[in-house]
Every structure is written in C-alpha cells, then in structure tokens.
Amino acid sequence: MSGIRVTTVYVISWTTLATLIGAGGLGQLIFSGLGVNKEELIFTGAAAAIALALAADLVLGKIEKAFKGGVVS
C-alpha cells in the first residue's frame, strides 16, 4: 500500500511537468506565471499541486491504516 501512496504522489508531481509537452495539467499556472513573471500564479499553481499531493497521501494513509487494523486485529 505504501508503494501506491508513493506512486500517487509521484504521478501528481509529474502532472505539473505535463504542461511542458502541451498536455495541460497542474503546471499550467506555474508555467504561465513563469512566462509573465507573476509570482502569484507560480505560488498558486505550486500550492495547488502540493495540496493535492498531501490530500491524496492523507486519504491513502487512512485507507492503509484501516486495512492494517482490520487484518491484524
């Protein structure tokens, strides 16, 4: 289960780079901000990607604990 958690966070981080190849993704705000030199856009895009990664890790961590508790007990 921890592998799924790590992979999920990894995939979320890679979606920010998908913008570089024209695939859109979470990095659209970041790279738009870099293009027009607006720190607000860069920060908003980065904060959104971080929040999504943390939320996914939190949810998957709770699922992992639920399964561990059910199997061991």
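Values in this document were obtained by computation on a predicted structure and should not be read as measured data.
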Inset, instruction - Measure the CD1-CG distance between Ile42 and Asn37 for me, rounded to the nearest 0.5 Å. - result: 6.5 Å

Inset, instruction - Side-chain contact test, heavy atoms from C-beta onward, threshold under 4.5 Å: evaluate it for Val11 versus Trp14 and give yes or no. - result: no

Inset, instruction - With side-chain contact (heavy atoms from CB on, under 4.5 Å) as the test, would you mind laying out the steps for Val36 and Leu41 before giving the verdict? - result: CA-CA 9 Å; Val36 294; Leu41 288 176; 4.2 Å; yes

Legend entry - Same cluster (ILVMFWY, side-chain, under 4.5 Å), Tyr10 and Val59: no

Legend entry - Reported NZ-to-CD1 distance for the pair Lys68 and Ile63, which is rounded to 0.5 angstrom: 14.0 Å

Legend entry - Steps toward side-chain contact (heavy atoms from CB on, under 4.5 Å) verdict (Leu26, Leu52): CA-CA 10 Å; Leu26 296 172; Leu52 182 61; 3.8 Å; yes

Legend entry - Joint cluster assignment, Leu17 & Ile30, ILVMFWY side-chain distance < 4.5 Å: yes

Legend entry - Atom pair CG/CD of Asp57 and Glu64 - distance to nearest 0.5 Å: 9.0 Å

Inset, instruction - For the residue pair Leu58 and Lys62, establish whether any side-chain heavy-atom pair is separated by less than 4.5 Å. - result: yes

Inset, instruction - Looking only at non-hydrogen atoms, find the nearest pair between Ile12 and Ala53 and report the distance. - result: CD1-CA, 3.8 Å

Inset, instruction - Keeping the roles fixed (side chain from Thr19, backbone from Gln28), state whether a donor-acceptor pair exists under 3.5 Å. - result: yes

Legend entry - Ile4 reachable from Phe67 in the ILVMFWY side-chain graph, under 4.5 Å edges: yes

Legend entry - Inter-residue atom distance Thr16.OG1 - Ile50.CD1, 0.5 Å rounding: 10.0 Å

